[in-house]
Trainee: 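My questions all concern the structure below.
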Amino acid sequence: MVEIKTDAALDAMREAGRVVAQALAAAREAAAVGVSLRDLDAAAHAVLDKAGATSPFLGYQPSFAPSPFPAVICASVNDALVHGIPTDYRLHDGDLVSIDCGAVLDGWAGDAAVSFIVGTPRPEDVELIAATQRALDAGIAAAVVGHRLGDISHAVGAVARTARCGMPTDFGGHGIGRQMHEDPHVPNRGRPGRGFPLRHGLVLAIEPMLMSGGRDEYRTDPDGWTLRTVDGSRAAHIEHTVAITEQGPRVLTLV
C-alpha cells in the first residue's frame, strides 16, 4: 500500500535525510588511499550515533540475503554496483567508490547514495558519475504532481541509454517513510504517462545505478549481497530521497 505523507511528516523526514547527508559526507571525507572500507563505515556510524539516529541497513535481511547486513553503509568499489559490504579492503588510487546510507530519526527514514573517485580520476569514471548524476537529476525533475511513476522511470532510463550505460535488471528506487523500503517500486526504465499517479506527499527514493559496460546483467558475490557487473566494467550509484509536493520536488537528503 502506498502511503501519502502529511506536511509534518515531510518535515520530519527532512531531518532524517539531513542525518543521511551528513553521514555520507563523513564517509566521503574519510575516503583516501590506504583507508579501509570499515573506516568509512565507522565514520558514518559516528554521525548516526551523534544525531541519535539508527541505521535501517544494520541487521537488515531481505528475502534474497543469506545473512543480515553487517554495517550502516553499503560500500561498493569499481565493478561492485550496489550492496557492497564494508571490509578491510583498503582504497587504492583511482578507485571508484559508491556509498549508500540510511538513517531513521524519530520514526522516519532517509536514504541516499553518492559515487566518487579516490585519488587520481580516470576520465571515463568521471563521465560515468556525471551520467548517473544527470539521470538522477532528470528523475527528480519528473517527480511533480500530475505526472506518473513511469515519467520518473522514463527520465532516468533515457539518460542512461543516451550515455550507453547498462542498468541492473530488477533493481531501482522505492517508496520510503516509516520503513526504508515501501511501495511503490521505482524502476529505472519505463514508459511515460504510465503507473502510479504522483501526488503531494508521496516520498520516493530515486536511485539510478549505471554500468559503464552497457550491459544490464549483473552477478552476485558469494557473500550474497554485493552485486557486480558481469564484464568487470565500472559502476556508479547516486540516490536521493525526494518528496513530491505542490511546490515541486523537495529533496530531503541534503545537508
Side-chain angles (χ1 to χ4, degrees), residues 17 20-21 24 28 74 76-84 96-102 110-117 121-144 147-176 181 184-196 198 202-218 227-231 233-244 248-254:
V20 174
L24 287 172
R28 183 169 186 169
C74 297
S76 307
V77 181
N78 296 333
D79 65 329
L81 176 64
V82 289
H83 302 164
L96 194 166
V97 182
S98 296
I99 303 293
D100 193 355
C101 185
D111 187 11
V114 296
S115 288
F116 56 89
I117 299 161
R122 306 193 318 183
E124 57 269 33
D125 290 342
V126 173
E127 174 50 34
L128 174 63
I129 292 173
T132 308
Q133 184 65 58
R134 291 196 301 271
L136 176 60
D137 292 344
I140 293 172
V144 298
H147 280 192
R148 290 182 175 268
L149 200 61
D151 293 304
I152 296 175
S153 301
H154 176 74
V156 171
V159 172
R161 294 314 191 198
T162 298
R164 299 184 177 180
C165 291
M167 295 176 289
T169 306
D170 304 326
F171 282 88
H174 50 88
I176 184 170
H181 291 138
H185 174 61
V186 185
N188 284 330
R189 56 178 70 81
R191 297 177 63 183
R194 300 294 182 91
F196 191 83
L198 305 184
L202 177 64
V203 184
L204 305 171
I206 303 173
E207 49 178 322
M209 312 161 192
L210 272 58
M211 299 182 284
S212 61
R215 301 176 63 176
D216 294 341
E217 300 85 4
Y218 59 87
L227 305 186
R228 294 187 185 274
T229 62
V230 294
D231 55 6
S233 63
R234 300 217 179 185
H237 173 211
I238 308 178
E239 175 184 15
H240 270 308
T241 296
V242 181
I244 287 86
R250 181 183 181 188
V251 179
L252 303 180
T253 40
L254 296 171

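Side-chain atoms are counted along with the backbone in the values below, which use heavy atoms only and exclude waters and symmetry mates.
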Trainee: Nearest heavy-atom pair of I206 and A143: which atoms, and what distance?
Mentor: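 Nearest pair, atom of I206 first, then A143: CD1-CB, 4.4 Å.
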Trainee: Stepwise, does the side-chain contact (heavy atoms from CB on, under 4.5 Å) test hold for I99 with R28?
Mentor: CA-CA 8 Å; I99 303 293; R28 183 169 186 169; over 6 Å; no
Trainee: What closest approach, in Å, do V159 and A135 show between heavy atoms, and which atom pair accounts for it?
Mentor: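 Heavy-atom minimum between the residues: CG1-N, 3.5 Å.
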Trainee: I would like to know whether L149 and V186 meet side-chain contact (heavy atoms from CB on, under 4.5 Å); could you show each step before the answer?
Mentor: CA-CA 7 Å; L149 200 61; V186 185; 4.1 Å; yes
Trainee: Using every non-hydrogen atom in the two residues, find where L128 and T132 come nearest and quote the distance to one decimal.
Mentor: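 Heavy-atom minimum between the residues: O-OG1, 2.8 Å.
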Trainee: What are the two closest non-hydrogen atoms of T229 and A235, and how far apart are they?
Mentor: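 Closest approach of T229 to A235, heavy atoms only: CG2-CB, 4.2 Å.
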Trainee: May I ask you to check whether H83 and F171 place their ring centers less than 6.0 Å from one another?
Mentor: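 Between F171 and H83, which both carry aromatic rings, the centre distance is below 6.0 Å.
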Trainee: Taking all heavy atoms of V156 and all of P208, pick out the closest pair and write down the distance.
Mentor: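 What the structure gives for the nearest pair is CG1-CB, 3.8 Å.
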Trainee: Is the backbone N or O of A142 less than 3.5 Å from a side-chain atom of H147, with the two atoms forming a donor-acceptor pair by type?
Mentor: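 Checked: pair present.
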Trainee: Taking L252's backbone N and O only, do any of them form a donor-acceptor pair with T241's side chain (distance below 3.5 Å, no angle check)?
Mentor: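 Answer holds: no.
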Trainee: For the pair H154 and R194, evaluate side-chain contact (heavy atoms from CB on, under 4.5 Å) and give the outcome as yes or no after the intermediate values.
Mentor: CA-CA 10 Å; H154 176 74; R194 300 294 182 91; over 6 Å; no
Trainee: Atom CG of L198 and atom CG of D151: how far apart are they, to the nearest 0.5 Å?
Mentor: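 Reported value, rounded in 0.5 Å steps: 7.0 Å.
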Trainee: Heavy-atom count around R164 CZ within 6.0 Å, excluding the residue itself: above 12?
Mentor: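 Open: at most 12 neighbouring heavy atoms sit under 6.0 Å from CZ of R164.
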Trainee: Between CZ of R234 and OG of S115, what distance do you get to the nearest 0.5 Å?
Mentor: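 If I round to the nearest 0.5 Å, the distance is 11.5 Å.
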Trainee: Atom CG of L136 and atom CD of E207: how far apart are they, to the nearest 0.5 Å?
Mentor: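 That separation rounds to 9.5 Å.
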Trainee: Any Lys/Arg nitrogen of R215 or D231 sitting under 4.0 Å from an Asp/Glu carboxylate oxygen of the other?
Mentor: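 So R215 does not pair with D231 through a salt bridge.
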Trainee: Out of curiosity, L202 CG to I244 CD1, how far, rounded to the nearest 0.5 Å?
Mentor: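 Spacing of CG (L202) from CD1 (I244) equals 4.5 Å.
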Trainee: Rounded to the nearest 0.5 Å, how far apart are CD1 of I152 and CG of L204?
Mentor: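 Answer rounded to 0.5 Å: 5.0 Å.
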Trainee: Grab the two heavy atoms, one from S76 and one from G84, that are nearest each other, plus how far apart they are.
Mentor: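 Taking every non-hydrogen atom into account, OG-N, 3.1 Å.
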Trainee: Just by modelled atom types, is the C165 backbone N or O under 3.5 Å from a matching donor or acceptor in the R161 side chain?
Mentor: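 Such a contact is found between R161 side chain and C165 backbone.
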Trainee: Does the side chain of D100 come within less than 4.5 Å of M209's, by heavy atoms?
Mentor: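 No, too far: nothing below the 4.5 Å cut-off.
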Trainee: Please report the C-alpha distance between D111 and E239 in whole Å, then the side-chain angles of each, then the deciding distance to 0.1 Å, and finally whether the side-chain contact (heavy atoms from CB on, under 4.5 Å) criterion is met.
Mentor: CA-CA 8 Å; D111 187 11; E239 175 184 15; 2.9 Å; yes
Trainee: At what distance, to the nearest 0.5 angstrom, does CG of L96 lie from NE2 of H237?
Mentor: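 Result: 12.5 Å between the selected atoms.
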Trainee: Could you tell me whether the side chain of I117 reaches within less than 4.5 Å of the side chain of R122, counting heavy atoms only?
Mentor: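 R122 does not reach I117 side chain to side chain.
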